[in-house]
Visitor: 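Below is the structure I would like to discuss, written out as structure tokens.
Heavy atoms only: backbone and side chains are in, while hydrogens, waters and symmetry mates are out.
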Amino acid sequence: MRSYAKDKRLMLISTGGTIACVPTEQGLAPGLSAKEMLKTINADLSEIDCIDLFSMDSSNIQPEEWQIIANEILKCINSNSYAGIVVTHGTDTMAYTASMLSFLLRCTNIPIVLTGAQLPIINEDSDGRVNLRDSIIAAKALTPGVYICFGSDVILGCRAVKTRTVSYNAFESINYPKIAEIKHGEIEYISEYSINSKGEISALSAINPNVALIKLIPGLSADFIKGVLSANIEGIVVEGFGLGGVHNIRRDHNEALEYLMKNGVCVVLTSQCLYETSALDVYAVSRRLLNAGAISAHDMTTEAAVTKLMWALGAAEGLQKYDKIKRVEEIFASNYCGEITL
Ligand code: ASP
């Protein structure tokens with residue numbers, strides 16, 4: 001367990017979500033400040049600083065907001081005043097934000113813990129108070145990295161997926177053991193995690209938002225896939241069947257994806273199955289894609305694959321077609337924050 005720097009404080013950054021919701025005439029909307037949320041758990045306000053960054057439903061959190069959240073966290077890291085950071089966030093897109101922060105802040109020297117709730121923290125039966133309390137404990141104890149703490153589980157940020165819409169245990173750790181559980185106010189470790197991106201983050205890298213996700217269905221038109229070119233898309237994640245299978249008769253997805261790659265679009269193949277891996281070299285239906293330059297996402301979550309692609313394209317900015325695809329391929333062949341088993 002990390003020895004908690006007692007002279008340092010914690011930072012709570014609020015961005016909205018159900019946890020901060022209050023009833024309004026239009027329905028639930030985020031309205032509570034970070035301090036108001038801390039008051040519901042009688043937290044020691046003298047050890048926690050607060051920033052009210054947004055009051056947003058996370059359905060509206062996009063790459064622009066990721067950049068703002070990451071910048072705010074970076075300022076806290078650089079101030080050297082904080083032992084850890086808690087970010088409250090809506091659950092609906094929390095796994096995307098956690099994944100993107102994992103890439104942008106991969107060299108963090110303190111833990112960053114995202115949390116939220118299925119019910120507003122002011123509701124009597126809300127899970128928000130336990131989640132916030134647990135996250136504060138986690139932010140004091142964990143090793144540096146980006147995590148989600150929810151329903152008593154601590155999950156690596158780039159391995160989290162929201163798998164339940166209403167239950168309190170809304171998130172699962174996919175293809176990676178949970179890091180810890182919080183039980184009766186104590187952290188119990190389940191697996192070791194130590195950040196493998198050494199170095200310092202002085203500035204944040206760019207995010208290229210021109211990425212799309214396509215889930216294949218039997219009968220999906222190959223022209224639909226080719227159509228992403230006209231929408232200025234520079235990278236797509238394709239959720240294929242099983243290990244990453246695609247149609248190669250009648251509606252030829254191989255041909256459509258090759259067409260995209262020839263036009264400079266980076267193609268990442270992943271699986272529609274939540275667990276285990278994609279592999280393009282096994283079946284004849286998709287092996288051709290490997291030779292054409294498609295990247296297999298292996299055991300990454302879709303959220304991690306999408307955000308890694310945006311981040312990799314940001315890093316490849318300015319490179320032309322094949323050099324760009326090569327650079328993105330190199331980035332996908334590395335594990336930056338525990339997102340992939342290679
Ligand atoms: N719609 C909410 C949000 O993601 C749901 C939640 O926070 O649980 O902002």
Visitor: Any side-chain heavy atom of T163 within less than 4.5 Å of one from L274?
Guide: yes

Visitor: Indicate yes or no: does K183 engage E186 in a salt bridge with an N to O separation below 4.0 Å.
Guide: no

Visitor: Please confirm whether the backbone N or O of M37 pairs with a side-chain atom of T40, one donor and one acceptor, at under 3.5 Å?
Guide: yes

Visitor: Rounded to the nearest 0.5 Å, what separates atom NE2 in H247 from atom CD1 in I249?
Guide: 8.0 Å

Visitor: Between E124 and R129, is there a side-chain N and carboxylate O pair less than 4.0 Å apart?
Guide: no

Visitor: Got a second to check how far L132's CG is from D127's CG, nearest 0.5 Å?
Guide: 11.0 Å

Visitor: Checking side-chain contact (heavy atoms from CB on, under 4.5 Å) against V211, which of L313, I233, V228, I236 comes through?
Guide: L313

Visitor: Within the structure provided, determine whether W66 and T307 are in side-chain contact (heavy-atom separation under 4.5 Å).
Guide: yes

Visitor: Could you tell me if the side chain of L10 sits less than 4.5 Å from the side chain of I136, heavy atoms only?
Guide: yes

Visitor: Say you draw a straight line from OG of S99 to CD1 of I148; how long is it, rounded to the nearest 0.5 Å?
Guide: 7.5 Å

Visitor: Please give me the minimum heavy-atom distance between M261 and I325, naming the atom from each residue.
Guide: O-CD1, 3.5 Å

Visitor: Looking at E36 and K39, does any basic side-chain N land under 4.0 Å from a carboxylate oxygen?
Guide: no

Visitor: Is it true that a side-chain atom of D323 and a backbone atom of L319 form a donor plus acceptor pair closer than 3.5 Å?
Guide: no

Visitor: Is E258 salt-bridged to R288, going by a charged N under 4.0 Å from an acidic O?
Guide: yes

Visitor: Please report, to 0.1 Å, the donor-acceptor pairs under 3.5 Å made by any side chain of residues 213-226, with sequence neighbours excluded.
Guide:
residue : atom : partner : partner atom : Å
S221    : OG   : D223    : N            : 3.0
S221    : OG   : F224    : N            : 3.0
K226    : NZ   : E255    : OE1          : 3.2

Visitor: Establish, from distance only, whether the side-chain atoms of E276 and N175 form a donor-acceptor pair under 3.5 Å.
Guide: no

Visitor: Within a reach of under 6.0 Å around CD of E64, are more than 12 heavy atoms found that belong to other residues, nucleotides or ligands?
Guide: yes

Visitor: Please report the shortest heavy-atom distance between A139 and P111, naming the atom on each side.
Guide: O-CG, 3.3 Å

Visitor: Does any N or O in the side chain of S46 come within less than 3.5 Å of the main-chain N or O of D44, such that one atom is a donor and the other an acceptor?
Guide: no

Visitor: For the side chain of R327 and the backbone of A315, is there at least one donor-acceptor N/O pair under 3.5 Å apart?
Guide: no

Visitor: Run the side-chain contact (heavy atoms from CB on, under 4.5 Å) test against S102 and tell me which residues pass, sequence neighbours left out.
Guide: V146, C158, C337

Visitor: Looking at I155, is its backbone amide N or carbonyl O close enough to the side chain of D153 to form a donor-acceptor pair, meaning the two atoms are under 3.5 Å apart?
Guide: no

Visitor: Closest heavy-atom contact between N131 and A117?
Guide: ND2-CA, 4.1 Å

Visitor: How far apart are the C-alpha atoms of L142 and I187, what are their side-chain angles, what is the distance that settles it, and do they pass the side chain to side chain contact (heavy atoms under 4.5 Å, CB included) test?
Guide: CA-CA 9 Å; L142 291 165; I187 189 157; 3.9 Å; yes

Visitor: Looking only at heavy atoms, what is the nearest atom pair of S59 and D92, with distance?
Guide: OG-OD2, 3.9 Å

Visitor: What residues, two or more places apart in sequence or in another chain, satisfy ring pair (Phe, Tyr, Trp, His ring centres under 6.0 Å) together with F150?
Guide: F171

Visitor: Work out which heavy atom in G244 is nearest to a heavy atom in S286; give both atom names and the distance.
Guide: O-OG, 3.4 Å

Visitor: Tell me which donor-acceptor pairs under 3.5 Å the side chains of residues 291-301 have, and how far apart each pair is, sequence neighbours excluded?
Guide:
residue : atom : partner : partner atom : Å
S296    : OG   : S278    : O            : 3.3
S296    : OG   : S278    : OG           : 2.8
S296    : OG   : H298    : N            : 3.2
D299    : OD1  : T341    : N            : 2.9
D299    : OD2  : R159    : NH1          : 3.4
D299    : OD2  : R159    : NH2          : 3.4
D299    : OD2  : T341    : OG1          : 2.5
T301    : OG1  : A304    : N            : 2.9

Visitor: What is the distance from atom CD1 of I112 to atom OG1 of T108, rounded to the nearest 0.5 Å?
Guide: 3.5 Å

Visitor: Using side-chain heavy atoms (C-beta onward) and a distance below 4.5 Å, is R287 in contact with L280?
Guide: no

Visitor: Quick check: do M100 and E303 have side-chain heavy atoms less than 4.5 Å from each other?
Guide: no

Visitor: Do Y283 and V238 belong to the same hydrophobic cluster, where Ile, Leu, Val, Met, Phe, Trp and Tyr are linked whenever their side-chain heavy atoms lie under 4.5 Å apart, directly or via other members?
Guide: no

Visitor: Tell me, please, which residues at least two apart from Y82 pass ring pair (Phe, Tyr, Trp, His ring centres under 6.0 Å).
Guide: none

Visitor: Could you tell me the separation between the OH atom of Y189 and the CD atom of E181, rounded to the nearest 0.5 Å?
Guide: 13.0 Å

Visitor: With hydrophobic residues grouped by side-chain heavy-atom distances under 4.5 Å, do I331 and L269 end up in a single group?
Guide: no

Visitor: Rounded at 0.5 Å granularity, tell me how far SG in C266 sits from NZ in K326.
Guide: 11.0 Å

Visitor: Please lay out, stage by stage, how T270 and E239 fare under the test side-chain hydrogen bond (donor to acceptor under 3.5 Å, both in side chains).
Guide: CA-CA 5 Å; T270 186; E239 277 192 3; over 6 Å; no

Visitor: On the six-membered ring of Y336, is K308 placed so that its NZ or CZ lies under 6.0 angstrom from the centre and within 45° of the ring axis?
Guide: no

Visitor: Among I122, V130, N123, find the one that has a side-chain contact (heavy atoms from CB on, under 4.5 Å) with S126.
Guide: N123

Visitor: Look at the side-chain heavy atoms of Ile, Leu, Val, Met, Phe, Trp and Tyr, link any pair under 4.5 Å apart, and say whether V161 and L309 land in one connected group.
Guide: no

Visitor: Kindly indicate whether the side chain of M11, heavy atoms from C-beta on, has any atom under 4.5 Å from the side chain of I51.
Guide: yes

Visitor: Mind checking whether I61 and Y96 have side chains closer than 4.5 Å, heavy atoms only?
Guide: no

Visitor: Got a donor-acceptor contact below 3.5 angstrom from the S191 side chain to the K178 backbone?
Guide: yes

Visitor: What about I13 and I77, same hydrophobic cluster or not, with Ile/Leu/Val/Met/Phe/Trp/Tyr joined at side-chain heavy-atom distances under 4.5 Å?
Guide: yes

Visitor: Return the minimal non-hydrogen interatomic distance between C21 and P120, and the atom names on each side.
Guide: O-CB, 3.4 Å

Visitor: Taking 4.0 angstrom as the limit, do R9 and D49 come out as a salt bridge?
Guide: yes

Visitor: Could you give me the CA-CA distance, side-chain angles and deciding distance for V87 and V113, then say whether side chain to side chain contact (heavy atoms under 4.5 Å, CB included) is met?
Guide: CA-CA 6 Å; V87 180; V113 181; over 6 Å; no

Visitor: Listed by chain and number, what are the side-chain contact (heavy atoms from CB on, under 4.5 Å) partners of S205, not counting sequence neighbours?
Guide: L104, W311

Visitor: Return yes if a side-chain donor-acceptor contact under 3.5 Å exists between T15 and H89, otherwise no.
Guide: no

Visitor: Find out if a path of hydrophobic residues (ILVMFWY) with successive side-chain heavy-atom gaps under 4.5 Å connects I190 to I182.
Guide: no

Visitor: With distance as the sole test, does T115 use its side chain to make a donor-acceptor pair with the main-chain N or O of S135 at under 3.5 Å?
Guide: no

Visitor: Quick check against the 3.5 Å criterion: does D57 have a side-chain atom that pairs as donor or acceptor with the backbone of G90?
Guide: no

Visitor: Is the shortest heavy-atom distance from the side chain of L260 to the side chain of L229 under 4.5 Å?
Guide: yes

Visitor: Checking T91 against K162: is there a side-chain donor and acceptor pair closer than 3.5 Å?
Guide: yes

